[in-house]
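None of the values given here were measured: they were computed from a predicted structure.
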Amino acid sequence: MPITDLLEKNARMYPNEVCLVEINPEIQEKRRVTWRDYELIESSPLCHYRREITWHVFDEKANRFAQLLLSRGIKKGDKVAILLMNCLEWLPIYFGILKTGALAVPLNFRYASDEIEYCLDLAEVNVLVFGPEFIGRVEDIADSISRNRLLFYVGGDYCPSFAEDYDKLTANCASLAPGIPLSDDDDAAIYFSSGTTGFPKAILHAHRSLMHSCKTEQNHHSQTHDDVFLCIPPLYHTGAKMHWFGSLLSGSKAILLKGVTPKTILETVSNEKCTIVWLLVPWAQDILLELDRGTLKLSDYELSQWRLMHIGAQPVPQSLIHRWKEYFPHHQYDTNYGLSESIGPGCVHLGVENIHKVGAIGIPGYGWEAKIIDEQGEEVPQGEVGELAVKGPGVMKCYYNDPEATAETIHGDWLYTGDMAEMDEDGFIYLVDRKKDVIISGGENIYPVQIENFLSKHEAIKDVAVIGLQDTRLGEIAAAIIELKPDMVCTEEEINAYCEKLPRYKRPRKIFFADVPRNPTGKIEKPKLRKMYQSEKLVDAQNRG
């Protein structure tokens with residue numbers, strides 16, 4: 001059963017019920033402060049503080065976009081990329097693509113122009129759909145990417161000259177379902193990930209994966225038609241979308257919140273009567289800090305209906321959950337482990353009934369198997385560290401057009417995750433370290449090689465290593481160990497200024513000037529660096545405190 005059938009079922013059963021709400025608190029605050037801007041803001045369809053659509057309208061919009069794509073020659077097996085911030089248009093566009101039999105290709109909204117072009121080429125994309133936040137980045141590459149691709153702009157009144165207006169075009173399209181036959185084995189979507197080199201890999205999933213993600217999410221968190229899910233993370237991320245799939249399966253409402261602060265999260269939960277909220281560690285930490293300071297008061301909000309808080313995308317400190325339960329003793333809690341290669345969250349999860357095992361990532365999720373293996377692929381004894389491998393209906397088909405990388409990761413029916421873990425006597429899995437050197441900071445993957453390559457171009461730098469250091473709020477931060485050329489002088493301020501060319505999340509949060517140790521084969525000894533500089537960071541934090 002293809003996942004598009006669920007949307008059509010909801011449109012038949014709950015046609016006039018609201019399914020998606022978009023909230024932008026930043027616009028609301030701007031209206032309150034500057035009356036002169038009110039009419040200008042109100043006149044733009046992008047700037048409504050609160051927008052909503054019903055299941056019938058959702059399905060209709062998906063059908064209209066599908067009809068537009070078909071009219072332009074897009075066919076089964078073609079690829080359509082989505083480069084949008086979270087908005088009401090995102091999911092109808094995604095499902096419109098699937099209804100044609102084409103593959104949806106979500107793009108990370110942090111990508112720079114060259115990364116966008118690289119991913120479009122790697123996935124052999126035929127159409128790019130982008131929003132107003134990306135006009136400049138797309139314009140930089142428009143001449144090269146528009147030669148063999150359609151470009152559709154989603155953004156209201158102004159449409160750049162190098163693209164076509166999505167809103168005007170879809171308004172003139174039929175709202176009937178295209179009726180393209182789909183099977184569970186048909187290709188459905190390509191998501192991007194990266195290995196230790198930092199170069200994105202195109203991850204190919206079938207409709208079977210998407211459908212199993214729906215079942216896994218509802219099995220874990222028991223969504224009913226009466227639940228309201230608050231979705232804050234970006235929809236290009238498998239985690240956000242696949243958690244929303246529980247709402248799709250139950251035909252329940254979801255809220256897309258743009259602009260995240262502790263206050264806006266609690267306001268939205270209160271005003272929209274949210275029952276399920278998925279947070280990243282930094283957001284949960286920020287809420288707790290403001291509650292501790294008294295700048296937020298739970299008594300100011302209606303939160304009694306909030307039943308579940310779950311966290312994913314990064315390791316969760318046990319202390320955070322213990323503190324959370326002090327403020328929210330009635331909350332169920334779950335943590336979810338997953339990869340884009342295993343269609344997002346849920347191949348391993350703690351389970352709401354296992355709060356006594358906080359610290360573990362949990363047990364195999366619904367329909368999943370897991371084992372911990374040695375270098376030969378054999379299971380290690382209980383309590384020993386090895387690589388986590390998972391097996392289930394959500395495992396990717398392959399890395400698109402990359403058989404070598406596929407062979408390294410897929411072994412029979414098993415996906416080798418690259419994460420080192422151990423299992424306790426009760427079968428609960430604990431992450432120990434990552435086999436790869438990816439840094440996870442605030443739920444975002446940071447690839448050290450990319451930063452190292454960037455910094456190595458600085459005229460004063462001889463050698464550089466980037467490592468992840470533990471951080472209470474973000475999970476990890478990127479730290480750069482810089483070895484200067486002889487007789488060269490450089491300051492931390494100069495390095496920080498130089499790094500302003502990088503996206504903010506990729507900039508090192510800590511700079512150390514020292515020799516970079518390498519082993520006899522020329523590889524940087526990163527375990528040694530982590531041991532050295534983690535202790536220095538802790539001492540520095542204690543001194544500041």
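- The minimum heavy-atom distance linking Leu257 with Thr264 is given by the pair CD2-O, 4.1 Å.
- Using a 4.0 Å cut-off between charged nitrogen and carboxylate oxygen, Glu452 and Lys526 count as a salt-bridge pair.
- Between Lys201 and Asp402 no salt bridge is recorded (no basic side-chain N to carboxylate O distance below 4.0 Å).
- Between Phe109 and Tyr236, the ring-plane angle classifies as perpendicular under the 30° and 60° cut-offs.
- At distances below 3.5 Å, not a single donor-acceptor pair connects side-chain atoms of Glu387 with backbone N or O atoms of Asp419.
- In this structure, Tyr191 and His205 have perpendicular ring planes: the angle between them is above 60°, well past the 30° mark.
- Taking each heavy atom of Ala189 and Tyr94 in turn, the nearest pair found is CB-OH, 4.1 Å.
- Looking at heavy atoms from C-beta onward, Pro106 lies out of side-chain contact with Phe192 at the 4.5 angstrom threshold.
- Here the side chains of Ile276 and Val228 are not in contact, with every heavy-atom distance at 4.5 Å or above.
- Side-chain contact annotation: Glu476 with Ser441, donor-acceptor N/O pair under 3.5 Å absent.
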Determine, step by step, whether Leu88 and Val21 satisfy the side-chain contact (heavy atoms from CB on, under 4.5 Å) criterion, reporting the C-alpha distance in whole Å, the side-chain angles of both residues, the deciding distance to 0.1 Å, and the verdict.
-> CA-CA 7 Å; Leu88 279 187; Val21 178; 5.8 Å; no
Carefully, step by step, assess Ile82 and Ile97 under the rule side-chain contact (heavy atoms from CB on, under 4.5 Å).
-> CA-CA 10 Å; Ile82 306 171; Ile97 296 165; 3.8 Å; yes
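- For the pair Arg51 and Glu89, the salt-bridge criterion is met [side-chain N within less than 4.0 Å of a carboxylate O].
- Taking the six-membered ring where tryptophan is involved, the planes of His349 and His220 are essentially parallel, since the angle between them stays under 30° and well short of 60°.
- With rounding to the nearest 0.5 angstrom, the CZ atom of Phe58 is 5.0 Å from the CG atom of Leu91.
- Pairing each heavy atom of Ile363 with each of Gly427, the nearest pair is CG2-O, 3.7 Å.
- Using modelled atom types, no side-chain atom of Thr409 and backbone atom of Thr406 make a donor-acceptor pair closer than 3.5 Å.
- Gln305 contributes a side-chain N or O that, together with a main-chain N or O of Cys274, makes up a donor-acceptor pair within less than 3.5 Å.
- Using a 3.5 Å distance cut-off with no hydrogens or angles, the side chains of Glu341 and Tyr399 do pair a donor with an acceptor.
- The side chain to side chain contact (heavy atoms under 4.5 Å, CB included) test with Ile145 singles out one residue from Val125, Leu120, Asp121, Asp140, and that residue is Leu120.
- Side-chain N or O atoms of Gln332 include none that pairs as donor or acceptor with a backbone N or O of Ile355 at under 3.5 Å.
- No salt bridge links Glu500 with Arg507; every basic N to acidic carboxylate O contact stays at or beyond 4.0 Å.
- The backbone N or O of Arg110 sits less than 3.5 Å from a side-chain atom of Asn108, completing a donor-acceptor pair.
- Across all non-hydrogen atoms, the minimal contact from Ser250 to Ser252 is OG-OG, 2.8 Å.
- Between the side chains of Asp292 and Tyr327, at least one donor-acceptor pair of N or O atoms lies under 3.5 Å.
- The pair Arg509-Glu492 does not count as a salt bridge, with every side-chain nitrogen at least 4.0 angstrom from each carboxylate oxygen.
- The minimum heavy-atom distance between Leu256 and Cys87, with the atom names listed, is CD1-O, 3.5 Å.
- Within a 6.0 Å radius of CZ in Arg323, more than 12 heavy atoms belonging to other residues, nucleotides or ligands are found.
- Glu272 has a carboxylate O that lies under 4.0 Å from a charged side-chain N of Arg50, or vice versa, which qualifies the two as a salt bridge.
- Judged by distance alone, the side chains of Asn271 and Tyr301 never bring a donor and an acceptor atom under 3.5 Å apart.
- With sequence neighbours left out, the ring pair (Phe, Tyr, Trp, His ring centres under 6.0 Å) criterion links Phe328 to Trp306, Trp324, His331.
- Counting heavy atoms from C-beta on, the side chains of His221 and Asp334 come closer than 4.5 Å.
- In terms of heavy-atom proximity, Ser456 sits nearest to Val464 at N-CG1, 4.3 Å.
- In this structure, a donor-acceptor pair under 3.5 Å is absent between the side chains of Thr216 and Ser213.
- Considering Asp227, Asp226, Thr224 in turn, Asp227 is the only one that fulfils the side chain to side chain donor-acceptor pair (under 3.5 Å) rule with Thr275.
- From Leu122, atom CG reaches atom CD of Glu115 across 12.5 Å, with rounding to the nearest 0.5 Å.
- A side-chain donor from one of Glu217 and Gln223 sits under 3.5 Å from a side-chain acceptor of the other.
- With salt bridges taken as basic N to acidic carboxylate O contacts below 4.0 Å, one links Arg473 and Asp286.
- For Tyr366, the OH atom sits in a loose shell: 12 or fewer heavy atoms of surrounding residues, nucleotides or ligands are nearer than 6.0 Å.
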